[in-house]
Protein chains: 2
Amino acid sequence: MTSRDEAATADASPSGSSGGRDALSRLRSDIVSSVFEPEMRLKFAEMTKRYDVGVGTLREALSQLSSEGFVTVEAGKGFRVAPVSAEELVEITDHFIALEKRAVREAIAHGGEDWETHIVAVHHRLSLIEGLPWEARMERHSEWVERHREFHHALVAACPGRWLLRLRSMMFDQLDRYRFVTKKAPEGLGRKKFEEHRLLMLATLERDADKASDLIEAHIRDTSDRALAML
Amino acid sequence: MTSRDEAATADASPSGSSGGRDALSRLRSDIVSSVFEPEMRLKFAEMTKRYDVGVGTLREALSQLSSEGFVTVEAGKGFRVAPVSAEELVEITDHFIALEKRAVREAIAHGGEDWETHIVAVHHRLSLIEGLPWEARMERHSEWVERHREFHHALVAACPGRWLLRLRSMMFDQLDRYRFVTKKAPEGLGRKKFEEHRLLMLATLERDADKASDLIEAHIRDTSDRALAML
DNA sequence: TCTCTTTCTACTTTCGAAAATATGTGTATC
DNA sequence: GATACACATATTTTCGAAAGTAGAAAGAGA
């Protein structure tokens with residue numbers, strides 16, 4: 001979470017050498033997008049070559065990912081990709097919905113003009129991809145993931161509770177892993193999400209906390225159920 | 001969280017060399033017990049000497065502590081002890097109470113004989129310290145912290161939601177930092193907590209979820225309010 | 001005197017080799 | 001054939017040195 005923000009701000013860095021921060025996010029991204037199977041061992045020899053970093057740097061990244069719940073670690077036996085399960089998806093979904101609803105309520109209560117403006121901005125960025133025809137959307141899927149995160153984060157950014165935002169982000173990141181299985185969703189789905197995001201933005205800007213809350217619940221539950229069916 | 005459990009199971013390890021796991025928990029313990037002031041820079045040169053580990057190992061520990069929220073990190077500028085504030089204490093308390101109440105409810109619904117037995121066992125271990133006169137309690141404060149954690153964890157251990165337990169543990173660990181300021185509490189406080197823990201155990205074993213829930217709320221809220229007043 | 005550049009110092013960050021640990025293989029013994 | 005032991009290999013874990021950076025101090029030009 002902390003690292004996520006920093007990685008985002010440092011994307012215009014000098015250039016050249018990969019760096020540890022970068023290895024961390026690339027590794028996380030590879031786990032989220034199922035490049036590595038759940039339960040698979042992440043050997044240092046292979047990983048250092050793949051991400052072009054030393055063992056120390058890699059270990060730090062893996063260690064952090066274990067705190068975030070993406071990998072498991074057993075002392076002396078190395079790191080593995082954390083398992084996924086239907087039960088876990090259900091649990092994560094419940095926690096995320098509860099946290100997101102509380103956060104958006106707080107944000108609506110405390111948000112100012114900057115908050116509103118940023119929501120409109122990132123929603124536009126998101127809609128630029130979601131409005132695209134199916135094939136084009138698929139091609140830019142990783143960009144969509146990023147913008148989708150930005151949009152949902154913008155909605156709750158004005159929430160003053162730092163820990164609420166932190167716990168929320170943890171659950172959101174975990175959901176990303178499961179969201180990935182619906183990548184190859186039927187054609188109609190993208191259009192539906194497009195509309196849901198628009199309505200969610202409008203309800204939030206209208207400061208209708210109850211409506212926004214309900215839309216979030218339905219929006220997330222729907223995505224999760226779809227993922228659950230494909231698992 | 002994950003690391004905490006492992007450290008606990010590995011306490012009967014061979015002996016000798018400090019090791020990275022150990023450095024991590026000693027560092028966390030030093031932050032919790034305010035050996036280092038909030039906002040203070042944690043320089044590698046000093047820390048490697050203090051904990052007798054290499055820079056890589058130390059970095060891994062600090063990195064993990066930043067995920068847990070005990071230290072902050074700014075790229076290129078190193079690590080600092082995370083700040084504390086009254087606002088944060090209030091927020092963490094609210095989250096912890098909500099999570100703990102849900103977890104104990106689940107535990108009561110799912111717990112079996114082993115769960116009950118373990119609660120009785122660790123409560124006894126805790127009461128051995130809490131029953132002591134004031135001075136003796138003070139001397140064994142770090143043991144009390146450990147046993148207090150064990151007791152509260154035992155109450156919710158039968159909760160099937162792994163993420164609920166995980167989030168709960170995060171908040172509990174954060175509260176430890178604030179709990180420490182009440183270490184030098186008036187004489188009567190220890191006796192009161194002794195009784196509260198006993199009642200909490202009894203309500204849980206009687207499977208009275210509502211009662212246990214209320215006791216938890218009062219128990220935690222009381223401690224937090226006391227800490228808040230001293231902050 | 002002020003500001004901009006340069007140099008120097010303290011510190012962080014990264015790497016690859018060495019030490020410690022686990023796993024697998026073969027051999028002897030019952 | 002099964003079990004225990006010793007050795008060899010694979011893998012993790014740790015360390016200290018080298019490279020890279022940020023911030024302070026010193027110096028040059030206006």
Side-chain angles (χ1 to χ4, degrees), chain A residues 2-3 5-7 9-28 31 36-37 39-67 70-82, chain B residues 2-3 5-7 9-28 31 36-37 39-67 70-82:
Chain A
T2 306
S3 52
D5 299 349
E6 284 165 344
T9 55
D11 58 358
S13 60
S15 80
S17 72
S18 38
R21 267 297 120 68
D22 193 42
L24 172 67
S25 49
R26 278 194 295 152
L27 184 43
R28 175 167 35 213
I31 291 172
F36 308 120
E37 298 283 301
E39 307 272 20
M40 176 182 162
R41 280 192 66 183
L42 297 168
K43 297 187 193 171
F44 281 85
E46 295 168 22
M47 295 296 129
T48 51
K49 262 185 281 181
R50 183 176 229 272
Y51 299 106
D52 191 32
V53 292
V55 288
T57 307
L58 178 70
R59 180 162 242 280
E60 188 186 331
L62 285 168
S63 199
Q64 196 141 358
L65 289 174
S66 89
S67 295
F70 288 108
V71 311
T72 60
V73 53
E74 205 175 345
K77 295 174 73 177
F79 297 83
R80 290 174 175 278
V81 177
Chain B
T2 306
S3 53
D5 298 351
E6 284 165 344
T9 55
D11 59 358
S13 61
S15 82
S17 72
S18 38
R21 266 299 121 68
D22 193 41
L24 172 67
S25 49
R26 277 195 295 153
L27 183 44
R28 175 167 36 212
I31 291 174
F36 308 120
E37 298 283 299
E39 307 273 19
M40 175 182 162
R41 278 192 69 184
L42 297 168
K43 298 185 192 172
F44 281 85
E46 295 169 22
M47 295 296 128
T48 50
K49 261 185 282 180
R50 184 176 229 274
Y51 300 106
D52 189 34
V53 291
V55 287
T57 307
L58 179 69
R59 182 163 238 282
E60 188 186 331
L62 285 167
S63 199
Q64 195 140 359
L65 288 175
S66 90
S67 296
F70 288 108
V71 311
T72 61
V73 54
E74 206 173 346
K77 295 174 72 178
F79 296 82
R80 289 173 175 278
V81 178

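Convention: sequence-line order gives letters A, B, ...; per-chain numbering from 1.
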Taking salt bridge (charged side-chain N to carboxylate O under 4.0 Å, His left out) as the test, write out the residues that go with Lys43(B), two or more places apart. none
Hey, is the side chain of Thr57(B) poking within less than 4.0 Å of OP1 or OP2 on dC15(D), counting only N and O atoms? yes
Holding to side-chain hydrogen bond (donor to acceptor under 3.5 Å, both in side chains), I want the full list of residues that pass it with Thr72(A), two or more places apart in sequence or in another chain. none
So, using side chain to side chain contact (heavy atoms under 4.5 Å, CB included) as the criterion, who are the partners of Val55(B) when residues are at least two apart? Phe44(B), Thr48(B)
Check the distance between dT11(D)'s P and Leu62(A)'s CG and give it to me in whole angstrom. 15 Å
Can you measure Glu60(A) atom CD to dG16(C) atom P for me and round it to whole angstrom units? 16 Å
Taken in chain and number order and not counting sequence neighbours, the residues that satisfy side chain to side chain contact (heavy atoms under 4.5 Å, CB included) with Arg41(B) are Arg80(B)
Under 3.5 Å, N/O pairs linking protein and nucleotides 10-12 of chain C:
from, atom 1, to, atom 2, distance (Å)
dC11(C), OP1, Lys43(B), NZ, 2.9
dC11(C), O3', Arg41(B), NH2, 2.9
dT12(C), OP1, Arg41(B), NH2, 3.1
dT12(C), OP2, Phe44(B), N, 3.0

Distance, nearest 0.5 Å, that separates CG of Leu42(B) from OG of Ser66(B): 11.5 Å
Can you tell me the distance, in whole Å, between the CE atom of Met47(A) and the P atom of dT12(D)? 10 Å
When the distance from CZ of Arg80(A) to C1' of dT11(D) is rounded to whole Å, what number comes out? 13 Å
Measure the shortest side-chain to side-chain distance between Leu27(A) and Leu58(A) over non-hydrogen atoms and say whether it is less than 4.5 angstrom. yes
I need the CG-P distance between Leu58(A) and dT13(D), as an integer number of Å. 11 Å
In this structure, how many angstroms lie between the C1' atom of dG16(D) and the NZ atom of Lys49(B), rounded? 15 Å
